[in-house]
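Structure record follows, encoded as structure tokens.
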Amino acid sequence: MPVLTSVGCSWTASGKNVLGAQLHQQGQYTAALQQFQQVVAEDPTNPDGYYNLAATTHRLASQRNDETLFRNAEALYNQCLDHDPNHIECHRGLAVLLMDTGRPDRAFALVKNWASNHPMASEPRVELARLYEEAGESRTALKYLEDAVQLDANNSRAWLALARLRETDGDLPQALQNYQRALALNNTQPMIAERVAALSRQINSNLDAARTSANSQIATPLPYPTTSRY
């Protein structure tokens, strides 16, 4: 599910977005909605307020399997994009909602249009990679992630996604390098450090096993000749 954002266009809006995000994390969705509704009431052009409203409504829609709430969440995501056409979290959330409601073509079209409108941005490529990976097209996903890190070598999320995909494909040495790059860019995620440690152990274990196997192979002697060469 989408992650809420606490950034606001004003101090008051920021405070309400922060409080709403905390309430959301505690599962108090109705109270969170009230905070976000106040944000957009006081600042009707605040994209984060609309996004947070959308994400919370999306959460409730998924819990209740409520079509009306899904439609409301979709409308709120679109309002967010009206005010910020490059809102990263909103594109991500809306793409998830479109997938959740059985409209993968719309999800792909949304993110491809985002990528087309921002050709130098890496985040749309990361989202396209996620969609293609979920569709079982890992090679296409890999291409988009490689493009993403070329566009922005400091995008920790892109390196992390690339590392996960390469680990899934069995390319452990390259996956380890990508995890290490993601960790160097963002050392606040314990999960990345855990993957670096785990892959390092696995690669070393594989190397030790290969050496042991090589050392245990004994050459088979040729049979002693029974006839004369002459």
**OP:** For Ser122 and Val149, indicate whether the former's side chain and the latter's backbone hold a donor-acceptor pair under 3.5 Å.
**Re:** no
**OP:** Mind running salt bridge (Lys or Arg N to Asp or Glu O under 4.0 Å) on Glu74 and Arg103 for me, showing each step along the way?
**Re:** CA-CA 12 Å; Glu74 184 173 351; Arg103 292 173 288 170; 2.8 Å; yes
Subject >> More than 12 heavy atoms from other groups under 6.0 Å of CD on Glu67 >> reply: no
**OP:** Establish whether Ile88 and Leu160 are linked, either directly or via other cluster members, by ILVMFWY side-chain heavy-atom contacts under 4.5 Å.
**Re:** no
Subject >> NE2 on His118 to CG on Asn86, rounded to 0.5 Å >> reply: 3.5 Å
Subject >> Result of checking Glu123, Arg181, Arg125 against Asn155 for side chain to side chain donor-acceptor pair (under 3.5 Å) >> reply: Glu123
Original post:
Under 4.5 Å between any side-chain heavy atoms of Ser138 and Leu165, yes or no?
Top reply: yes
Subject >> Short side-chain to backbone donor-acceptor contact, Asp169 and Asp171, under 3.5 Å >> reply: no
**OP:** Assess the side chains of Thr57 and Asn72: does a donor N or O sit below 3.5 Å from an acceptor N or O?
**Re:** no
Original post:
Looking only at heavy atoms, which two atoms of Cys80 and Pro47 are closest? And how far apart?
Top reply: SG-O, 3.3 Å
Original post:
Does a donor on one side chain and an acceptor on the other come within less than 3.5 Å for Asp48 and His87?
Top reply: yes
Original post:
When you look at CG of Asn204, are more than 12 heavy atoms from neighbouring residues, nucleotides or ligands closer to it than 6.0 Å?
Top reply: yes
Original post:
When the ring planes of Tyr144 and Tyr132 are compared, do they come out parallel, tilted or perpendicular, using 30° and 60° as the limits?
Top reply: parallel
**OP:** Looking only at non-hydrogen atoms, find the nearest pair between Ala121 and Leu151 and report the distance.
**Re:** O-CD1, 3.5 Å
Original post:
Do Val96 and Arg130 have side chains that get closer than 4.5 Å, going by heavy atoms?
Top reply: yes
Subject >> Name of the residue among Leu53, Leu23, Asn52 meeting side-chain contact (heavy atoms from CB on, under 4.5 Å) with Leu33 >> reply: Leu53
Original post:
Minimum heavy-atom separation for Ser200 to Leu176, with atom names?
Top reply: OG-CD1, 3.7 Å
Original post:
If you take all heavy atoms of Leu183 and Gln189, which pair is closest and at what distance?
Top reply: CD1-O, 4.4 Å
**OP:** Starting at CE of Met191, measure out to CD of Glu194 and round the result to the nearest 0.5 Å.
**Re:** 8.0 Å
**OP:** Verify the cluster assignment for Tyr51 and Leu94: are they in a single hydrophobic cluster under the rule of side-chain heavy atoms below 4.5 Å apart?
**Re:** yes
**OP:** Check whether the side chains of Thr45 and Asp43 place a donor and an acceptor atom closer than 3.5 Å, and report yes or no.
**Re:** yes
Original post:
Is the closest side-chain donor-acceptor distance between Asn186 and Trp159 under 3.5 Å?
Top reply: no
**OP:** Check whether any side-chain heavy atom of Leu172 sits under 4.5 Å from a side-chain heavy atom of Glu167, and report yes or no.
**Re:** yes
Original post:
Sub-3.5 Å donor-acceptor pair from the side chain of Tyr50 to the main-chain atoms of Ala75, do we have one?
Top reply: no
Subject >> Reported OG1-to-CG distance for the pair Thr168 and Leu142, which is rounded to 0.5 angstrom >> reply: 11.0 Å
Original post:
Ala54 and Leu76: which non-hydrogen atoms are nearest, and at how many Å?
Top reply: CB-CB, 3.6 Å
Original post:
Are side-chain heavy atoms of Arg106 and Leu110 found at a separation under 4.5 Å?
Top reply: no
Subject >> Salt-bridge contact Lys112-Glu127 (side-chain N to carboxylate O under 4.0 Å) >> reply: no
**OP:** Begin with the C-alpha distance, continue with both residues' side-chain angles, and end with the deciding distance and a verdict on side chain to side chain donor-acceptor pair (under 3.5 Å) for Asp100 and His58.
**Re:** CA-CA 10 Å; Asp100 287 347; His58 187 178; 3.0 Å; yes
Subject >> Cluster overlap Ile192 with Ile203, hydrophobic side-chain contacts below 4.5 Å >> reply: yes
Subject >> Basic-acidic side-chain contact under 4.0 Å: Glu133, Arg139 >> reply: no
Original post:
Between Ala158 and Ala148, which heavy-atom pair has the shortest distance, and what is it?
Top reply: CB-CB, 4.0 Å
